[in-house]
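Notes for the one structure printed next.
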Amino acid sequence: MTVLKANDENIKRAAETIRNGGLVAFPTETVYGLGADALNPKSVAMIFQAKERPFFDPLIVHVSNSQMAEKLFREKNELAERLMKRFWPGPLTLVLPKSSRIPEIITSGLNTVALRMPNNETALKLIDYSQSPIAAPSANRFSCLSPTEADHVNRQLGEKIDIILDGGACSIGIESTIVKPQNNKIVVLRPGGIPVNLLEEVAPTELAYGNLKDNKQDPESPGQLPFHYSPTKQLIIEESIKEIKPKTGYLFFQEPKNLKTNSHCRILSPKGDTVEAATNLFSFLHQLDAMDIEKIIAQTIPKEGLGIAIMDRLTKASKKYEIHN
Ligand code: TXA
Ligand code: MG
């Protein structure tokens, strides 16, 4: 594996690796992706192998322009087009009826495909230079913390990837919102970088996530397991944190009022902004997870703006222990 600075020359080299069937981790505005040529089923299979990801969890296909997208889905629909126009490039993934060019392995046998145009220059160039759409899940091991820096990828998956393109920290820091346009409604399958109130400006929304109680798969959003995004340490969510205990890491939303914080504390957004909090979420969790502590206590985030997506990630991160232990 080689970590390369994301300059034009290196992006071209990485594109050649993609064309030759290899794996490249690359930055997007949300999180780092682990990419392969979406039209090459063998390369796509290597993504699942590297992540140890179950084959029932379908992948997002990344495109760099609308013509590329149009070859990958069927049944043009007006709402999908409006959403693409408004939010692409950006953190919105659209689930649409798939064209026959999409290999089965990408969609886990579903007749829909998830498409996204990332808002990141390196990602867009990589897709352009590869001359093919790129399939990419988040570049972490299955169910572990998502990567928002090249080093996070390197630590979890370094051995298994040909090239990691280092484009610095991701600007948004939380995965895309996944939606399915259906009967003039926007069905939200995963909360993410585009808050639901912005989607509402385009069409009425219906929330279809967050109700999975056990390990059961919801056919609408396969891969949305109740546990996910987990640090190796136990994560507990608390409404209000009253004391700082030893051997414990703390993830505060804002500066706590009557507590003296220590080096095991992280503050997601001193000014109480959920966008800033999302940018810091995974990188602070990676930092806390690497400390000599026994557990992490995360404070509840207000469920507004990106707070909804953040709480979704924290809740899933906290479930791992409930289910496995
Ligand atoms: O921001 C993002 O979306 C990042 C960056 C790399 O683009 N990618 C990402 O991929 O979060 P991943 O694999 O970690 O999550 C993708 C999720 C899957 O778990 C699955 O639930 C959903 O997308 N998905 C993919 N194809 C689908 C389909 N046809 N129908 C419903 N859900 C689908
Ligand atoms: Mg993921």
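It should be emphasised that the depicted structure is a prediction, and the values quoted were computed from it without experimental measurement. Note: hydrogens, waters and symmetry copies are ignored here, and every other heavy atom, side chains too, is used.
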Just list the side-chain donor-acceptor pairs under 3.5 Å for residues 146-153, sequence neighbours left out, or say none.
unit_1 : atom_1 : unit_2 : atom_2 : d
Ser146 : OG     : Glu175 : OE2    : 2.5
Asp151 : OD2    : Arg155 : NE     : 3.2
Asp151 : OD2    : Arg155 : NH2    : 3.4
His152 : ND1    : Thr148 : N      : 3.1
His152 : ND1    : Glu149 : N      : 3.2

Check: Sequence neighbours excluded, which residues qualify as side-chain contact (heavy atoms from CB on, under 4.5 Å) partners of Glu78?
Finding: Arg82
Note to self: The test is salt bridge (charged side-chain N to carboxylate O under 4.0 Å, His left out); show your working for Arg116 and Glu29 and say whether it passes.
What the structure shows: CA-CA 12 Å; Arg116 166 165 128 77; Glu29 79 280 36; 3.0 Å; yes
Check: Who passes side-chain contact (heavy atoms from CB on, under 4.5 Å) against Gln156, sequence neighbours left out?
Finding: Asn140, Arg141, Cys144, Leu145, His286
Checklist line | side-chain contact (heavy atoms from CB on, under 4.5 Å) partners of Gln254, counting only residues at least two apart | finding: none
Item checked: Residue Glu276 excluded, over 12 heavy atoms near CD under 6.0 Å -> yes
Notebook entry, point to check: Between Val179, Thr177, Ile178, which is the residue that forms a side-chain contact (heavy atoms from CB on, under 4.5 Å) with Arg190?
Noted result: Ile178
Next item on the list: Would you check if Ile310 and Phe253 make a side-chain contact, meaning some heavy-atom pair closer than 4.5 Å?
Entry: no
Next item on the list: Scan side-chain atoms only and decide if Lys316 and Ser318 contain a donor-acceptor pair under the 3.5 Å cut-off.
Entry: no
Item checked: Within residues 29-51 or reaching into it, pairs that qualify as ring pair (Phe, Tyr, Trp, His ring centres under 6.0 Å) - sequence neighbours excluded -> Phe48-Phe55
Next item on the list: If a pair satisfies side-chain hydrogen bond (donor to acceptor under 3.5 Å, both in side chains) and one of its residues is in residues 90-102, list it, with sequence neighbours excluded.
Entry: Thr93-Ser176
Margin query: List the residues meeting side-chain hydrogen bond (donor to acceptor under 3.5 Å, both in side chains) with Thr205, not counting sequence neighbours, and say none if there are none.
Written below: Glu200
Check: By side-chain hydrogen bond (donor to acceptor under 3.5 Å, both in side chains), which residues pair with Asn10, not counting sequence neighbours?
Finding: Asn7
Next item on the list: Before giving the answer on salt bridge (charged side-chain N to carboxylate O under 4.0 Å, His left out), spell out for Lys76 and Glu81 the whole-Å C-alpha distance, their side-chain angles and the decisive distance to 0.1 Å.
Entry: CA-CA 8 Å; Lys76 248 185 171 196; Glu81 270 184 39; 3.4 Å; yes
Next item on the list: Output all residues satisfying side-chain hydrogen bond (donor to acceptor under 3.5 Å, both in side chains) with Asp128, sequence neighbours left out; order by chain, then residue number.
Entry: Ser64
Margin query: Evaluate Lys185 against Glu206 for salt bridge (charged side-chain N to carboxylate O under 4.0 Å, His left out), listing each step before the verdict.
Written below: CA-CA 7 Å; Lys185 255 190 326 201; Glu206 182 184 311; 2.6 Å; yes
Notebook entry, point to check: Would you say Asn183 has more than 12 foreign heavy atoms packed within less than 6.0 Å of its CG?
Noted result: no
Next item on the list: Consider only side-chain N and O atoms of Asp37 and Ser132, and report whether a donor and an acceptor are under 3.5 Å apart.
Entry: yes
Notebook entry, point to check: Can you tell me if Ser230 uses its side chain to pair, donor with acceptor, with the backbone of His228 under 3.5 Å?
Noted result: yes
Listing, residues 158-174 side-chain donor-acceptor contacts under 3.5 Å, not counting sequence neighbours, or none:
unit_1 : atom_1 : unit_2 : atom_2 : d
Lys160 : NZ     : Glu52  : OE2    : 3.3
Asp162 : OD2    : Leu23  : N      : 2.8
Asp166 : OD1    : Gly168 : N      : 2.9

Next item on the list: Identify, with sequence neighbours excluded, every residue that meets side-chain hydrogen bond (donor to acceptor under 3.5 Å, both in side chains) alongside Ser130.
Entry: none
Next item on the list: Taking side-chain contact (heavy atoms from CB on, under 4.5 Å) as the test, write out the residues that go with Asn77, two or more places apart.
Entry: Leu79, Ala80, Leu96, Pro181
Check: salt bridge (charged side-chain N to carboxylate O under 4.0 Å, His left out) between Glu121 and Lys125: does it pass, once the steps are laid out?
Finding: CA-CA 6 Å; Glu121 212 190 333; Lys125 279 187 176 171; 3.6 Å; yes
Margin query: Determine whether a donor-acceptor pair (N or O, by modelled atom type, separation under 3.5 Å) exists between the side chain of Arg53 and the backbone of Asp57.
Written below: yes
